[in-house]
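Structure first, then comments.
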Amino acid sequence: MSLRSQIKAVQSGLPITVMHEKWVAENPDPVYSPEAQAFAAGQLAGITGSMRRRKRMFRASAAGTCKRRQVLAYIGHPQRKEEITSTLGNIFATGNFLHLKWQMQGLTAGWLIEAEVPMDKPEINAGGTADGKLVTKGGFEFKSINDRGFTYVMTYGPKLDHQDQTDNYMYLGDMDHYSIVYENKNNGEWREFRREREEANMRRVAERFDELNTFVSDRRLPKVLDDCQAETGVQFRQCPFRDTCLKMKMFPRAAA
Ligand code: SF4
């Protein structure tokens, strides 16, 4: 990164960029801190073993997805078993390890003080796990993305669902800023974006959790999306409830 870019990064308040660039430049053969190594050992056990089990809750990471899907996930409705091809499995593994790389680097370089941070608010049945907490007390979210997606975020800024997600974490974790780092999987380029807490967004997040809780307590399902009525669209194709959603006439019994 050029001196001009570094000055610009500092002025624009990007807490990761300057420290990370410096650390990467000074550590071509990195030796990770004991804290980073201990974190990685725990994560590797988690990645290959059983995931941490928690009370059912509405997930911050699901912000921006169909509300009906969020309610079905919350009550534990059975999900379609997707076929995991070797290519897809490889994509998931790459994503996991890129996360781990950034978290270990952040813990070692000092811009991250904690990684995989639970942000649960059981009183509103909501929660999630942040990728990390920054030394500036803000949050850290990492996204690996292909070249086309990277060009999009460089042109228009963070994707809307990622903005929603970080608003959710700021609300749940009571934070006043958040950094999203996108890494281009095609060439290793990366870019940090900073988001500030805005009270209008916090109200919108609170209303969303309130609305989702009301659906469950009233035993009502949010309506089917228009695209899904026609069994089309990305949301439908990626929904784990697409086999049963359109057939549901009543609120389903919660899974045990
Ligand atoms: S099939 Fe469509 S409407 Fe139904 S839960 Fe999934 S995304 Fe929502």
Side-chain angles (χ1 to χ4, degrees), residues 1 5-6 8-10 12-54 59-61 90-121 127-145 150 153 158 162-163 165-185 187-197:
M1 175 180 259
S5 301
Q6 286 198 25
K8 200 169 158 202
V10 171
S12 58
L14 299 176
I16 296 172
T17 301
V18 176
M19 287 178 81
H20 192 74
E21 283 284 349
K22 185 169 182 292
W23 182 83
V24 170
E26 291 173 355
N27 292 276
D29 300 309
V31 175
Y32 293 102
S33 66
E35 185 190 6
Q37 291 181 35
F39 169 73
Q43 281 302 105
L44 289 169
I47 287 170
T48 54
S50 61
M51 299 302 287
R52 195 157 52 104
R53 295 201 186 282
R54 289 196 302 214
R59 299 273 163 196
S61 56
N90 195 35
I91 289 171
F92 289 157
T94 300
N96 286 334
F97 276 93
L98 282 175
H99 265 84
L100 191 58
K101 176 192 76 165
W102 274 89
Q103 289 166 319
M104 289 180 73
Q105 290 175 329
L107 290 169
T108 305
W111 51 261
L112 203 62
I113 53 172
E114 200 181 346
E116 291 298 305
V117 187
M119 300 241 175
D120 299 349
K121 264 195 197 289
T129 304
D131 287 340
K133 192 178 272 187
L134 298 170
V135 69
T136 54
K137 304 288 192 289
F140 166 59
E141 177 67 25
F142 173 74
K143 302 287 181 195
S144 55
I145 196 164
F150 193 75
V153 298
H162 300 161
Q163 293 184 30
Q165 197 179 335
T166 52
D167 283 339
N168 273 258
Y169 284 129
M170 278 191 267
Y171 174 78
L172 294 170
D174 200 20
M175 295 171 168
D176 66 7
H177 65 278
Y178 226 93
S179 281
I180 309 175
V181 170
Y182 288 94
E183 176 170 328
N184 184 334
K185 286 188 279 192
N187 60 15
E189 275 186 64
W190 60 275
R191 167 78 188 268
E192 176 189 8
F193 293 89
R194 176 170 166 132
R195 300 202 71 240
E196 304 291 340
R197 181 186 180 101

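We're numbering straight along the sequence, starting at 1.
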### Query
Per the side chain to side chain donor-acceptor pair (under 3.5 Å) rule, which among Lys143, Lys101, Arg191 passes with Glu183?
Lys101
### Summary
Distance col, row Phe140:CZ vs Leu112:CG, nearest 0.5 angstrom, shows 6.5 Å
### Query
Looking only at heavy atoms, which two atoms of Gly138 and Met175 are closest? And how far apart?
C-SD, 3.9 Å
### Message
Distance check, rounded to the nearest 0.5 Å: His177 atom NE2 versus Met170 atom CE?
### Response
9.5 Å
### Query
So which heavy atom on Tyr169 is nearest to which on Ala60, and how close?
CE2-CB, 3.6 Å
### Message
Are Trp102 and Trp190 an aromatic pair, judged by ring center distance below 6.0 Å?
### Response
yes
### Task
Quick one: closest heavy-atom pair of Ala130 and Met119, and the distance?
CB-CE, 3.5 Å
#### Entry: Partners meeting side chain to side chain contact (heavy atoms under 4.5 Å, CB included) with Ile113 (sequence neighbours left out)
Lys133, Val135
### Message
Treating His99 as the side-chain partner and Phe142 as the backbone partner, does any N or O pair qualify as donor plus acceptor under 3.5 Å?
### Response
yes
### Query
Backbone N or O of Asn184 within a donor-acceptor pair of the Glu189 side chain at under 3.5 Å?
no
### Query
Any idea which heavy atoms bring Leu134 and Pro15 closest together, and the distance?
CD1-CG, 3.8 Å
#### Entry: Heavy-atom pair with the smallest gap, counting every atom of Gly128 and Leu172
N-CD1, 4.4 Å
### Query
Which value, rounded to the nearest 0.5 Å, describes the distance between Leu14 atom CG and Glu21 atom CD?
11.0 Å
### Message
Check for me whether the distance between the ring centres of Tyr182 and His162 falls short of 6.0 Å.
### Response
yes
### Query
If every non-hydrogen atom of Leu98 is compared with every non-hydrogen atom of Ser144, which pair is closest and at what distance?
CD1-CB, 3.6 Å
### Message
Using the rule given for side-chain contact (heavy atoms from CB on, under 4.5 Å), can you reason through Phe39 versus Gln43, listing the C-alpha separation, both sets of side-chain angles and the distance that settles it, and then say yes or no?
### Response
CA-CA 6 Å; Phe39 169 73; Gln43 281 302 105; 3.2 Å; yes
### Query
By side chain to side chain donor-acceptor pair (under 3.5 Å), which residues pair with Lys137, not counting sequence neighbours?
none
## Note on the structure
Distance col, row Tyr32:OH vs Leu107:CG, nearest 0.5 angstrom, shows 11.0 Å
### Message
I need the Asp176 CG to Arg195 CZ distance, nearest 0.5 Å.
### Response
13.0 Å
### Message
Assess whether a salt bridge exists between Glu196 and Arg194, defined as any Lys/Arg side-chain N lying under 4.0 Å from an Asp/Glu carboxylate O.
### Response
yes
### Query
Does Thr166 use its side chain to pair, donor to acceptor, with the backbone of Gln163 at less than 3.5 Å?
yes
## Note on the structure
Value for OH (Tyr171) from CZ (Arg197), rounded to nearest 0.5 Å, stands at 9.0 Å
### Task
Without swapping roles, check the side chain of Glu192 against the backbone of Ile16 for a donor-acceptor pair under 3.5 Å.
yes
